[in-house]
Amino acid sequence: MKSLSTKREPRKHPYLTEDHQQFRKSLRKFLEREAVPFYDEWESDRIIPRSFWTKMGEQGYLCPDIDEKYGGSETDWGYSVVINEELERVGTGLIGVALHNDIVVPYITSFGTEEQKQRWLPSCVTGRTITAIAMTEPGTGSDLANIKTTARLEGDHYIVNGAKTFITNGIHADLVIVAVKTDTEIRPQHKGVSLLVIERGHQGFSRGRKLDKVGLHSQDTAELFFEDCKVPKENLLGEEGLGFLYLMDKLQQERLLVGIGAQVASEEMLQSTIDYVKSREAFGRPVSQFQNTQFKIAEMATEVEMGRAFLDQLIADHIAGEDVVTKVSMAKWKLTEIARNIASQCMQLHGGYGYMEEYKIARRYRDIPVASIYAGTNDIMKTIIARNLGL
Ligand SMILES: Cc1cc2nc3c(=O)[nH]c(=O)nc-3n(C[C@H](O)[C@H](O)[C@H](O)COP(=O)(O)OP(=O)(O)OC[C@H]3O[C@@H](n4cnc5c(N)ncnc54)[C@H](O)[C@@H]3O)c2cc1C
């Protein structure tokens, strides 16, 4: 059990240097001070306060990879991995920060004009602007090309009509990248998809309910409505009709992040269960001494180690700019499924206490299933893998 650290030390990843590990230590200290003591409160409030975002921004933990001229630090993606791992260690409810840093803002850095970058990026770095991405609609999620939200160009504005749902950061978001149809006639349908940046205050943009979820309680997830919403045509991201291609490109990093989160969740659940079974006694001996416990832990530890090896290589490949579509899809479904199974088995090994909110495993058990659903369901991941295998 040497490589599966039984101590609470940062793991060593091949793509991380000593500088990354120092950064991890500082971030961990920051989160232990600014997030851990308040996390339960945020869970019951069903939202993370904006003040946490601006504190993250002040310390340089938001969008560190973007250019210095927009306020970033031009760090490599290894720093993003560290941030995502440390946020996940605190709780999956912080996924909205990861979404802002490594999912939404990259659309602007990759596809935005110079004017758009200057307009939006600096406040994304400070945390004054919180971002979201809205693809899913009440009637369609997996079948993204079939979205019904329309954007019609009239003079200097697009007029947007439609609704989006399940939008992470939906309540806080000041800037939302919205997938719309600018051409409803064109075939294949995906050629009609474009991305518009819709901002807080745009006429006709409103928010619906903060959705009541099974888990991720501190993460605000909302419905968004667009009724003859007027969006300046300068807010088109990239080119009309290329939105679907942009989404397919950026969804790879999104899925990788979900894989990273699931892996860290598995590591955390396993470690806390090892600690628990060593301290809990039944029939005059620690629960860890029963062969069933040992075998379950051994099986889970094996899956965690194999998952980590696959993931580390994948992150290194992604950082190197390789085509990772198939392997990202593999990691996304497999690591989230492993985490789901581990949550269930770890709860069982905690006995009745595992079902009590005061034990972290209860929250992890509620939080983990959605990882198999968002960023493209695990079934969709398997369709991608099968297609890329020539089936
Ligand atoms: C907490 C949360 C946060 C989210 N955040 C965001 C966000 O920020 N932005 C955003 O745009 N969306 C977000 N989503 C939406 C999420 O991405 C979708 O829920 C997901 O893509 C699935 O779409 P759907 O819910 O419409 O399910 P459906 O597409 O209706 O799927 C229903 C079932 O059918 C299966 N299925 C569908 N098509 C196929 C197929 N071809 N082959 C085999 N099986 C298939 C699915 O796997 C699933 O089991 C979020 C969802 C949740 C729950």
Side-chain angles (χ1 to χ4, degrees), residues 43 46-48 88 91-107 130-149 162-181 189-190 193-198 207-226 237 243-244 246-248 250-255 257-259 261-262 265 329 332-333 336-337 340 363-364 366-388 391:
E43 285 277 291
R46 299 295 201 258
I47 200 152
I48 292 163
E88 178 62 44
T92 319
L94 290 168
I95 187 98
V97 179
L99 177 113
H100 171 82
N101 280 358
D102 291 307
I103 297 172
V104 189
V105 171
Y107 281 91
I130 296 176
T131 62
I133 182 151
M135 299 171 263
T136 308
E137 300 184 349
T140 190
S142 305
D143 188 6
L144 203 49
N146 195 29
I147 54 169
K148 303 293 181 214
T149 299
K164 298 287 177 179
T165 194
F166 308 147
I167 305 308
T168 303
N169 294 340
I171 297 292
H172 272 329
D174 306 291
L175 180 160
V176 187
I177 296 178
V178 184
V180 295
K181 278 273 173 74
Q189 288 197 83
H190 71 79
V193 176
S194 303
L195 301 184
L196 277 185
V197 176
I198 302 189
R207 289 155 223 262
R209 291 174 296 146
K210 183 163 61 170
L211 297 167
D212 203 6
K213 306 188 294 298
V214 169
L216 297 191
H217 286 160
S218 48
Q219 169 47 231
D220 70 292
T221 310
E223 299 168 310
L224 307 178
F225 300 109
F226 308 99
L237 204 54
F244 193 84
Y246 299 153
L247 291 168
M248 291 307 117
K250 293 293 175 209
L251 273 166
Q252 303 317 315
Q253 186 157 298
E254 177 167 353
R255 290 168 184 160
L257 287 172
V258 175
S329 306
K332 198 274 178 183
W333 87 260
T336 58
E337 189 159 293
R340 210 169 163 151
R363 194 184 77 219
R364 294 254 174 221
R366 279 193 277 105
D367 286 351
I368 207 66
V370 74
S372 309
I373 297 168
Y374 57 27
T377 69
N378 284 4
D379 303 312
I380 295 298
M381 295 308 101
K382 291 172 196 172
T383 65
I384 295 169
I385 297 163
R387 192 175 59 229
N388 291 354
L391 302 174

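Keep in mind the model is a prediction, meaning the values are calculated, not measured. Counting starts at 1 for both ligands and their atoms, following the listed order.
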Can you list the residues that meet the ring-ring contact (aromatic ring centres under 6.0 Å, His included) rule with His217, with sequence neighbours excluded? none

Is there a polar contact between ligand 1 and Ile167, counting only N or O atoms under 3.5 Å apart? no

Could you pull out, from Asp379, Ile380, Ile373, the option with a heavy atom nearest to atom 39 (C) of ligand 1? Ile380

CD1 (Ile47) and CG (Asn169) are apart, to the nearest 0.5 Å, by 9.0 Å

Report the part of Ala375 in contact with ligand 1, treating N, CA, C, O as backbone and CB onward as side chain, heavy atoms under 4.0 Å; options are side chain, backbone, both, neither. backbone

Atoms in ligand 1 flagged as close to Met135, the criterion being non-hydrogen separation under 4.0 Å: 10 (C), 11 (O)

Check each atom of ligand 1 against the heavy atoms of Gly141 and keep those under 4.0 Å away; list them by number with element. 23 (O), 24 (P), 26 (O)

Salt-bridged, Glu88 to Arg364, with N to O below 4.0 Å? yes

Contact list for residues 135-144, test salt bridge (Lys or Arg N to Asp or Glu O under 4.0 Å), sequence neighbours left out: Glu137-Lys164

Give the atom numbers and elements of ligand 1 that come within less than 4.0 Å of a heavy atom of Thr168. 3 (C), 4 (C), 5 (N), 6 (C), 7 (C), 8 (O)

What about Ile133: any of its N or O atoms under 3.5 Å from an N or O on ligand 1? yes

Lys213-ligand 1 polar pair, N/O distance under 3.5 Å: no

Matching residue for Thr131 among Ile103, Asn101, Val104, Val197 - test: side chain to side chain contact (heavy atoms under 4.5 Å, CB included): Val104

